[in-house]
Amino acid sequence: MKTLVIAEHDNNTLKPATHNAVAAAQAIGGDIDILVAGADCGAVAEAAAAIPGVGKVLSADNAVYANQLAENVALLIADVAAAYDNVVAPATTGGKNTMPRVAALMDVAQISDIIAVDSPDTFKRPIYAGNVIATVQSSDVKKVITVRTTAFDGVPEEGGSATVEAVAAAHDAGLSSFVGEEVAVSDRPELTAASVVISGGRGMQNGDNFQLLEGIADKLGAEIGASRAAVDAGFVPNDYQVGQTGKIVAPDLYIAVGISGAIQHLAGMKDSKVIVAINKDEDAPIFQVADYGLVADLFQALPELESAI
Amino acid sequence: MKALVAVKRVVDYNVKVRAKADGSDVELNNVKMAINPFCEIAVEEAVRLKEAGTVSEVVVVSVGEKSSQEQIRTALALGADRGIHVEVEGRPEPLEIAKLLKGVVDKEQPQLVILGKQSIDGDNNQTGQMLGALANMGQGTFASEIKIDGDSLEVIREVDGGLQTLKLSLPAIVTTDLRLNEPRYASLPNIMKAKKKPLDVTNPEELGVSVTSHITQLGVAPPPERAAGIKVEDVAQLVDKLKNEAKVIS
Ligand SMILES: Cc1cc2nc3c(=O)[nH]c(=O)nc-3n(C[C@H](O)[C@H](O)[C@H](O)COP(=O)(O)OP(=O)(O)OC[C@H]3O[C@@H](n4cnc5c(N)ncnc54)[C@H](O)[C@@H]3O)c2cc1C
Ligand SMILES: Cc1cc2nc3c(=O)[nH]c(=O)nc-3n(C[C@H](O)[C@H](O)[C@H](O)COP(=O)(O)OP(=O)(O)OC[C@H]3O[C@@H](n4cnc5c(N)ncnc54)[C@H](O)[C@@H]3O)c2cc1C
């Protein structure tokens, strides 16, 4: 059995989500190769080749893949996948965008967002905002799978020495083009990979008040997240949203501040190791999942917390 | 230009769905059903494009059992012009739904197809992208803003790192994210009017699609329960617990 893992990267660095996807591929078993599709992405291919246990890295280094346009990359992956039994990618916005297109080109189902591998054809995945875990079996000969990264510990980054092979195919569907992007620049760790996350909700009242979280985040080396209500209200950008339809996080410590605990929010953080909730309403549902609940006004509690740590 | 919007009937987002005790399936008896929230956003966007004069007709389609017609009527009450119900039994998978939608696209020849980014029951986040591949259209997934300019579409997408802008040639697929718009409420007169709007019923045979299942659900189970937590008295006790009991800060 051979599995192709699709690398997540920005042409410069290999993203840790790739290491989680490789871990899921290892759980499925068999040989593992990695496909790096990008432009001027040699450093990424080198980093992928350093992952222990990887057979070879296929590097499709071409301008048509520079911005991960799904229309182009899906044609490439479906082409390369002819030689594989499984195609596995992390369920990041990149994987979610491209992989269903790959599956349709291959005429197979996609198994989205797996959290466990029961056997090479049977997987567990959350449905209904994580209120139910379904066990699903695929009857497709070739499988297209996306992986919930928080459910698989990343494999080591160093120690391997896979060969890097160039893939010449340049697929340009001619349907889409890249115009621009607004990427948040932050010194903080990525939300989905951070070991501590502190999130603010509607209770924060405005964007300026998120500074109250920043001081604490700096001290704890934490990343900042938010509820949908805080994003919708414009307190913080969209990429802060944690939840069923935002980012899934599972840090060692998750601190929810001024967040009520709607099921859609819980879906994105309830697998965190330790959950702290700060809310002035003692009946807020967030307390039902919190290991440590503090019933308090956040405008008082946050400055106290910052000076106590 | 014509816009086609795909809507799905799902459990209302306020319902906390549970697995049945025997683990065979989820408990869906007497549960409130509704239009998938992302599909509601899709309908709203199409209706706004019509109000702006960009779109001339908004057609809604739903794949499912007869009861899906309720959600088509909801979309018609929100301002869509006409409905298509593709009647199928059971719960077809995204690939089959995408094939059926491709059949509808071939017939209707829309310039724009808008879907939700994911449905809140299956949480698959697949159908729009699959339809894109089958119909050979470009896709603007997780859209927070769209602008139509002649024969192309500019879409701003919500991605992990922030926002990305793409240009797509029409016809194209858009899947909606939460910030695309805030859907209106249907007024009573519009709900009455919707009952008289045309709703055609078709089926996989008529569309020339055979529906086959690739995935079997072997069972469902509740997620692991979290052990009950405690309430702390004050910040000092919280910090003490985090340092000495949970050992997650130093
Ligand atoms: C299709 C769909 C998808 C969704 N996806 C997501 C998602 O991915 N992520 C997500 O988060 N939500 C999502 N939601 C929204 C979700 O249902 C809730 O509306 C949202 O999570 C509420 O955010 P909140 O807890 O910040 O706001 P609220 O529910 O308004 O809660 C604010 C809390 O702050 C507390 N508070 C106020 N002032 C103070 C103070 N001074 N001190 C202490 N506490 C205070 C209040 O007691 C209250 O509990 C989705 C909804 C839908 C329909
Ligand atoms: C508890 C449970 C059990 C299931 N069991 C089975 C099973 O035994 N066998 C099986 O084959 N499948 C099963 N399914 C799959 C189920 O039918 C999925 O919901 C279906 O595959 C569609 O996936 P999705 O709605 O999550 O797609 P998504 O890709 O998340 O949907 C995105 C968008 O696509 C459009 N769309 C999706 N569905 C439709 C539709 N029907 N009509 C019109 N537009 C639509 C909407 O615009 C929607 O917003 C099960 C699902 C659940 C939740």
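The sequence lines fix the lettering, A, B, ..., with proteins before strands; numbering per chain opens at 1. Since the structure is predicted, the reported quantities are computational estimates derived from the model, not experimental observations.
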Original post:
Heavy atoms, side chains only, cut-off 4.5 Å: are A/K270 and B/P223 in contact?
Top reply: yes

Subject >> Spacing of CE belonging to B/M137 relative to OG belonging to A/S176, to within rounding of 0.5 Å >> reply: 14.0 Å

Original post:
With a 4.5 angstrom heavy-atom cut-off, which part of B/V15 approaches chain A: side chain, backbone, both or neither?
Top reply: backbone

Original post:
What part of A/I133 is in contact with chain B, defined as an atom under 4.5 angstrom from a non-hydrogen atom: side chain, backbone, both or neither?
Top reply: both

**OP:** Answer whether the closest heavy-atom distance between the side chains of A/V108 and B/L95 falls below 4.5 Å.
**Re:** no

Subject >> Heavy-atom contact with chain B under 4.5 Å, split by part of A/A301 >> reply: both

Subject >> A/K96/B/D160 salt bridge by N-O under 4.0 Å criterion >> reply: no

Original post:
Between A/Y240 and chain B, which part of the residue has a heavy atom less than 4.5 Å away: side chain, backbone, both or neither?
Top reply: neither

Original post:
Picking from A/Q244, A/E304, A/E181, A/Q288, which has the most non-hydrogen pairs under 4.5 angstrom with chain B?
Top reply: A/Q244

**OP:** Let me know if A/A308 has heavy atoms under 4.5 Å from chain B in its side chain, its backbone, both or neither.
**Re:** both

Original post:
What part of B/D234 is in contact with chain A, defined as an atom under 4.5 angstrom from a non-hydrogen atom: side chain, backbone, both or neither?
Top reply: backbone

**OP:** Going by the side-chain contact (heavy atoms from CB on, under 4.5 Å) test, name the single residue among B/Q139, B/K117, B/Q164 that passes it with A/N97.
**Re:** B/Q139

Original post:
CD1 of B/I120 to OH of A/Y128: how many Å apart, nearest 0.5 Å?
Top reply: 9.0 Å

Subject >> For B/L238, the option from A/I255, A/I309, A/V276 that meets side-chain contact (heavy atoms from CB on, under 4.5 Å) >> reply: A/V276

Original post:
Any side-chain heavy atom of A/V102 within less than 4.5 Å of one from B/Q129?
Top reply: no

**OP:** Looking only at non-hydrogen atoms, find the nearest pair between B/V159 and A/N238 and report the distance.
**Re:** O-ND2, 3.9 Å

Original post:
Roughly how far apart are B/D123 CG and A/T245 OG1, rounded to 0.5 Å?
Top reply: 9.0 Å

Subject >> Heavy-atom side-chain proximity of A/K273 to B/V248 below 4.5 angstrom >> reply: no

**OP:** Pick whichever of A/V196, A/D291, A/T122, A/L75 has the most heavy-atom pairs under 4.5 Å with chain B.
**Re:** A/D291

**OP:** Return the option, out of A/D252, A/L253, A/L294, A/T146, with the maximum number of heavy-atom pairs under 4.5 Å with chain B.
**Re:** A/L294

Original post:
Side chain, backbone, both or neither: which part of B/A246 has a non-hydrogen atom closer than 4.5 Å to chain A?
Top reply: both

Subject >> Spatial distance of atom CD1 (B/I215) from atom CZ (A/F123) [nearest 0.5 Å] >> reply: 8.5 Å

**OP:** Check whether any side-chain heavy atom of A/R228 sits under 4.5 Å from a side-chain heavy atom of B/R179, and report yes or no.
**Re:** yes

Subject >> Residue part contacting chain B, namely of A/I263, when any heavy atom lies under 4.5 Å >> reply: side chain

Subject >> Exam field: side chain B/Q126 to backbone A/Q110, donor-acceptor pair closer than 3.5 Å >> reply: yes

Original post:
Of the backbone (N, CA, C, O) and the side chain (C-beta and beyond), which part of A/Q300 lies under 4.5 Å from a heavy atom of chain B, both, or neither?
Top reply: neither

**OP:** Sort out for me which of B/E154, B/E158, B/E225 touches chain A most, counting heavy-atom pairs under 4.5 Å.
**Re:** B/E158

Original post:
Quick check: does any side chain N or O of A/S139 sit under 3.5 Å from a backbone N or O of B/H214, one acting as donor and the other as acceptor?
Top reply: yes

Original post:
Can you tell me how far CG of B/L218 sits from NZ of A/K124, rounded to the nearest 0.5 angstrom?
Top reply: 9.0 Å

Original post:
Relative to chain B, which of A/V136, A/T98, A/T135 shows the most heavy atom pairs under 4.5 Å?
Top reply: A/T135

Subject >> Which of A/A262, A/S138, A/P126 touches chain B most, by non-hydrogen pairs under 4.5 Å >> reply: A/S138

**OP:** Identify which of A/A277, A/A134, A/A74 forms the greatest number of heavy-atom pairs closer than 4.5 Å to chain B.
**Re:** A/A134

**OP:** Please flag which part of B/L168 lies under 4.5 Å from any non-hydrogen atom of chain A: side chain, backbone, both or neither.
**Re:** both

Original post:
Any side-chain heavy-atom pair from B/N124 and A/R125 closer than 4.5 angstrom?
Top reply: yes

Subject >> Contacting moiety of A/D271, where chain B heavy atoms sit under 4.5 Å >> reply: backbone

Subject >> Region of A/E71 in contact with chain B, defined by heavy-atom distances below 4.5 Å >> reply: side chain

Original post:
When heavy-atom pairs shorter than 4.5 Å are enumerated against chain A, which of B/A236, B/G219, B/A19, B/A227 gives the highest number?
Top reply: B/G219

Subject >> Structural part of A/I275 lying under 4.5 Å from a heavy atom of chain B >> reply: both

Original post:
When rounded to the nearest 0.5 angstrom, what distance separates CG in A/L105 from CE in B/M130?
Top reply: 10.0 Å

Original post:
Heavy-atom count around A/K247 NZ within 6.0 Å, excluding the residue itself: above 12?
Top reply: yes

